[in-house]
> 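Take a look at this one; I'll ask things after.
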Amino acid sequence: DLPLEIVVNEQWGTGMAASIRVGMERLAARTRLKTQAETEAVVVMLCDQPRVDANLIMKLVAIYRTSNAPLIASRYDGTHGVPALFDRRLYPALLSLTGSQGAKNVIRDHAAQLIEVMAPEAGYDIDTITDYQRLCANEPGAMPRPA
């Protein structure tokens, strides 16, 4: 029941940072227009992590609400990454990303301030057709393999 706005990144070819910036810039514009109250935090996540579900996102938010930490990041495969929740104190860092840099750089730069959430499901992503086929072969009811 939350309002949803789809923001298209016309400069997707310039790298992951552009997608983060477009979202953050739209959020800032909505705040300036007073169409919504200033957002306390944002969750950055990827569309190619099929095993990530709402439970993980809700866990990030719950930890944020009780800790007020500036960064709540997923931990998987020996590293911290997204999905991650960034407090508004880190918005300038997200807005300053360039090129192929993603949120992982902000996570790395603020590692001393983060709270981690174990999320092995976030370590599985779909980057190739082989990854997709492996997902379909291992998950009952998954989409059929592409022809």
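The first residue of the sequence shown is numbered 1, and numbering continues consecutively from there.
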> Looking only at non-hydrogen atoms, find the nearest pair between Val7 and Arg26 and report the distance.
CG2-CG, 3.6 Å
> Under the 3.5 angstrom rule, does the side chain of Asp77 hit a backbone N or O of Thr79 as a donor-acceptor pair?
no
> State, with a plain yes or no, whether a side-chain heavy atom of Arg75 is found less than 4.5 Å away from one of Pro120.
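No, too far: nothing below the 4.5 Å cut-off.
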> Side chains of Asp127 and Asp48, heavy atoms from C-beta outward: is any pair under 4.5 Å?
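Sidechains of Asp48 and Asp127: in contact.
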> Indicate yes or no: at least one non-hydrogen side-chain atom of Leu95 is less than 4.5 angstrom from one of Glu25.
yes
> Who clusters with Val43? Use side-chain heavy atoms, under 4.5 angstrom, across I, L, V, M, F, W and Y, and order the result by chain and number.
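The other cluster members (ILVMFWY side chains, heavy atoms under 4.5 Å, direct or chained) are Met45, Val52, Leu56, Ile57, Leu60, Val61, Ile63, Tyr64, Ile72, Leu85, Ile115, Val117.
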> Answer whether the closest heavy-atom distance between the side chains of Pro70 and Gln113 falls below 4.5 Å.
yes
> Working to the nearest 0.5 angstrom, can you tell me the gap between Asp131 CG and Thr128 OG1?
3.0 Å
> With salt bridge (Lys or Arg N to Asp or Glu O under 4.0 Å) as the rule and sequence neighbours excluded, what pairs involving residues 93-115 come up?
none
> Of all heavy-atom pairs between Tyr124 and Ile126, which one has the smallest distance, and what is that distance?
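Nearest heavy atoms, Tyr124 then Ile126: CE2-CD1, 3.6 Å.
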> Please confirm whether the backbone N or O of Ala41 pairs with a side-chain atom of Thr39, one donor and one acceptor, at under 3.5 Å?
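Side chain of Thr39 to backbone of Ala41, a donor-acceptor pair under 3.5 Å: no, none is there.
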> Work out which heavy atom in Ile107 is nearest to a heavy atom in His80; give both atom names and the distance.
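So the two residues come closest at CG2-CB, 3.6 Å.
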> Please examine the side chains of Gln101 and Met16, heavy atoms only from C-beta on, and report whether any two atoms are closer than 4.5 Å.
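Result no, sub-4.5 Å side-chain heavy-atom pair not found.
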> Would you say Leu46 ends up clustered with Leu71 if hydrophobic residues are merged whenever their side chains have heavy atoms under 4.5 Å apart, either directly or through other cluster members?
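Same hydrophobic cluster.
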> Which heavy atom of Ala73 sits nearest a heavy atom of Ala84, and at what distance?
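Minimum heavy-atom separation between Ala73 and Ala84: CA-CB, 3.9 Å.
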> For Ala93 and His110, work out which heavy atoms get closest and say how close.
CB-CE1, 4.1 Å
> Within a strict 4.5 Å, meaning less than it, do heavy atoms of the Glu116 and Tyr76 side chains meet?
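In short, these two side chains do not touch, never coming nearer than 4.5 Å.
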> Would you compute the distance between atom CG of Asn9 and atom CH2 of Trp12 and round it to the nearest 0.5 angstrom?
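Rounded to the nearest 0.5 Å, the CG-CH2 separation comes to 9.5 Å.
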> Does some side-chain heavy atom of Arg51 sit less than 4.5 Å from a side-chain heavy atom of Leu135?
yes
> For the OG atom of Ser74 and the CD atom of Glu121, what is their distance to the nearest 0.5 Å?
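Taking OG in Ser74 and CD in Glu121, the distance rounds to 7.0 Å.
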> Shortest non-hydrogen contact from Ala103 to Val44?
CB-CG1, 4.1 Å
> Could you tell me whether the side chain of Val42 reaches within less than 4.5 Å of the side chain of Tyr91, counting heavy atoms only?
yes
